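Take a look at the structure set out below.
None of the values given here were measured: they were computed from a predicted structure. Letters A, B, ... are given to chains in the order of the sequence lines, protein chains preceding strands, and every chain is numbered from 1.
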Amino acid sequence: MVQVRTRDVVAVYREVHERLWRSLLAFTGDPELASDAESEAFTQAMRRGDEIDDIAAWVWRSSFRIAAGMLSSRSRERVAQHRLVADPVIEPSVAEFLALLGELSEQQRACVALRYTGGFTPTEIADLLGTSSGTVRVQLHRAHAALRQTLADELR
Amino acid sequence: MDDGFDPQLADRFRALERVSVPATWSPGGSGTVTAMRSARRGRVVVFAAAAAVVTVALVGVAVFTRDRGASVAGPSSTASTTVAPVGSSSTVSTEPMVSLPEIDWQTVRPEGSIASSNVDAVVSGPAGFVATGVGLADGKNWGRVWHSTDGLTWTESAVDLFGARWVSTPVATTTAYFVIAGPNTDRADAPADTSLFRSVDGETWQPIGPADGLQLLGVAGDRLVAVATGAPQGFSSDTSGPSTTAPMPATGLKVSSDGITWASAAFPDGLPEFTTFGWVVAAGGRFYLDGLADDRVVWESTDGLEWHHLPALPAQGVLATLGDAPAIVDNPDLVPCHLALGLPIGPGVPGDNGAIDEYIEAMWQCGGPASIWRWDGTDWVIVTEAGPGPSPQFGTVLPFSGRLVAPVITPERTLSVATSVDGVAWVTSDVQAPLPGAGGTPQTAIAAASADVAVFITPGGMGEFTNLLVGTTVRESTPQPTTGLLAIGEFVMNGAITELHDAGFVVDAKEGRGRRA
């Protein structure tokens with residue numbers, strides 16, 4: 001039987017949980033989906049046991065992929081009906097900002113979420129997303145431009 | 001090219017730090033881990049529990065997840081050495097029929113509010129069954145408590161009392177049922193208190209004391225056992241069955257005889273700071289508590305007040321009872337199967353539209369017969385590597401009508417039941433209840449058994465109808481016509497034993513002889 005490294009995974013959860021969840025919130029704009037994606041990633045990490053070398057990196061990578069899959073496959077429809085646990089209260093200003101991020105492309109959102117909420121460098125983001133650092137920098141540049149433009153429009 | 005950092009945008013992102021972060025996951029049992037969210041979802045995840053979802057296998061955490069299921073197994077009357085007759089709707093056992101009563105298995109689409117609600121937990125008690133869950137009749141959450149004496153018809157008599165509350169997993173002593181219920185923030189008329197409610201008949205309920213931060217795990221005799229979570233609970237009806245989802249970390253185990261005064265349980269062996277508790281089962285006059293500290297742990301107690309940990313578990317399965325001893329029901333094929341199928345979520349695999357669906361599909365394909373490990377008083381001993389199954393999820397093993405019963409998920413993605421007399425040889429019934437078809441990962445049913453009725457309830461699906469698989473003991477065994485050449489006194493008859501009985505003969509079928517009574 002695959003040995004489950006409970007302690008290691010739990011330690012990673014305690015270390016990255018808040019940062020990861022907020023990054024997923026920025027990426028998805030949906031606290032419920034952020035929770036689902038994070039939960040599923042940690043569950044998978046436990047199941048895979050020793051197959052994973054770097055648990056933290058794996059969880060970051062997988063949770064974003066899971067979230068992306070949920071967004072695009074509309075799994076959300078199944079989720080929406082089952083609000084058993086109250087979602088965190090999202091302030092209106094935060095909700096507006098999340099809506100703003102929602103205007104970005106999926107890849108741009110992933111990059112800015114990992115950059116600003118996750119605290120990763122472009123090179124680290126590239127490693128997590130399986131792309132080049134150049135691509136990440138380009139996506140960040142485009143996201144910055146789009147967000148600045150929108151924010152400027154809002155201030156007018 | 002810059003470093004991709006804009007200080008002004010960074011300020012905007014800092015606003016996210018004002019969002020409170022919910023607990024999303026906790027390690028669980030059964031084979032792997034349970035994720036709170038999954039369990040909650042009908043099954044998406046655990047631990048139970050395991051879970052509880054589709055549960056299982058996982059004891060979750062907040063303790064053990066959704067496995068939704070299993071009820072707390074009372075002291076077992078199983079481990080009979082006699083052979084189990086099988087109901088007419090079940091696969092026929094090859095073993096001889098003798099003394100055990102038959103079980104009539106049937107599937108039921110219940111009427112009333114239970115039909116369209118998510119049932120999260122069920123327990124057997126002094127006046128039948130009590131189940132709790134969530135109703136979504138008007139698009140908002142309703143706390144629900146149902147009662148049934150026969151497992152077939154369910155009533156919800158305390159709508160006004162629980163409608164504006166969340167309701168926790170029910171537990172039962174020999175004299176009463178208990179649930180904890182608190183404010184349901186989904187409803188404007190929600191009361192402010194979180195209280196322990198008691199019922200003798202399962203229909204009428206009275207609040208008997210405050211229960212802020214408490215979560216019921218089971219009973220030890222007539223003592224209630226609860227975990228003090230150290231945090232307010234949310235709408236936690238997903239604490240199905242033994243699978244509960246108490247926020248981590250737990251601050252301690254509490255015990256009460258009256259539901260009003262709570263004492264702290266003692267752990268002479270020590271209790272790690274980071275400990276979550278699962279649920280309590282009773283076996284052989286003792287009580288067993290499932291939990292997760294640095295590793296999975298089972299504690300043993302004679303009174304619920306003092307708990308001693310047993311040696312390390314040999315597997316990560318669900319805590320159940322097997323005869324007069326606790327047991328671990330594990331699915332050893334689950335993880336290797338997942339690995340062999342190459343689940344689509346992981347390094348090198350894009351999270352495209354089909355990834356989640358592929359993952360769910362893989363979960364349905366995995367699973368096999370359970371392994372059962374039994375505590376023999378000194379060590380964990382494997383009973384069988386071919387237990388109930390095949391199934392991707394195992395919720396529990398319950399003692400019922402002189403044998404063991406366990407819910408299983410069939411390859412056809414239906415809910416069925418496996419029975420065994422000794423825990424070694426298992427027979428899966430032909431009766432199958434539909435599982436929710438709205439997708440999601442496989443989850444086991446919640447289950448409970450009284451002396452005469454065993455109830456399996458399909459895990460709640462989003463908008464899916466609830467289905468029941470109910471086993472009823474047929475006390476008066478159906479006569480089994482056995483045709484043969486029998487010597488009755490001085491007569492030689494070619495007939496049926498039942499006909500001879502009816503005619504007033506006592507028949508020794510073994511000897512093929514009989515005499516008039």
For the residue pair B/Phe13 and A/Phe97, categorise the inter-ring angle as parallel (less than 30°), tilted (30 to 60°) or perpendicular (more than 60°).
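Perpendicular.
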
For the atom pair [atom1] ([X]) and [atom2] ([Y]), what is the distance rounded to the nearest 0.5 Å?
X: A/Leu101; Y: B/Arg12; atom1: CG; atom2: CZ; result: 9.0 Å
X: B/Ser20; Y: A/Glu18; atom1: OG; atom2: CD; result: 9.5 Å
X: B/Phe5; Y: A/His144; atom1: CZ; atom2: NE2; result: 8.5 Å
X: A/Arg148; Y: B/Gln8; atom1: CZ; atom2: CD; result: 7.5 Å

When A/Arg115, A/Gln139, A/His17 are compared by non-hydrogen pairs under 4.5 Å with chain B, the top option
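Highest number of pairs under 4.5 Å: A/Arg115.
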
Is chain B contacted by the side chain of A/Val112, its backbone, both, or neither, given a heavy-atom distance below 4.5 Å?
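Answer is both: backbone and side chain atoms of A/Val112 are under 4.5 Å from chain B.
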
Let me know if A/Ile125 has heavy atoms under 4.5 Å from chain B in its side chain, its backbone, both or neither.
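For A/Ile125, no heavy atom lies under 4.5 Å from chain B.
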
Donor-acceptor pair, distance only, cut-off 3.5 Å: does the side chain of A/Tyr116 make one with the backbone of B/Asp6?
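Between the backbone of B/Asp6 and the side chain of A/Tyr116 there is a qualifying donor-acceptor contact (under 3.5 Å).
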
Test your reading of the model: is there a side-chain donor-acceptor pair from B/Arg18 to the backbone of A/Glu91, 3.5 Å cut-off?
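Not a single qualifying donor-acceptor pair exists.
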
Report yes if the side chains of B/Leu16 and A/Val94 come closer than 4.5 Å at any heavy-atom pair, otherwise no.
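When only atoms from C-beta onward are counted, A/Val94 and B/Leu16 do touch, with a gap below 4.5 Å.
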
Tell me, do B/Val19 and A/Trp21 make a side-chain contact under 4.5 Å, heavy atoms counted?
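The answer is yes; the side chains approach within 4.5 Å.
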
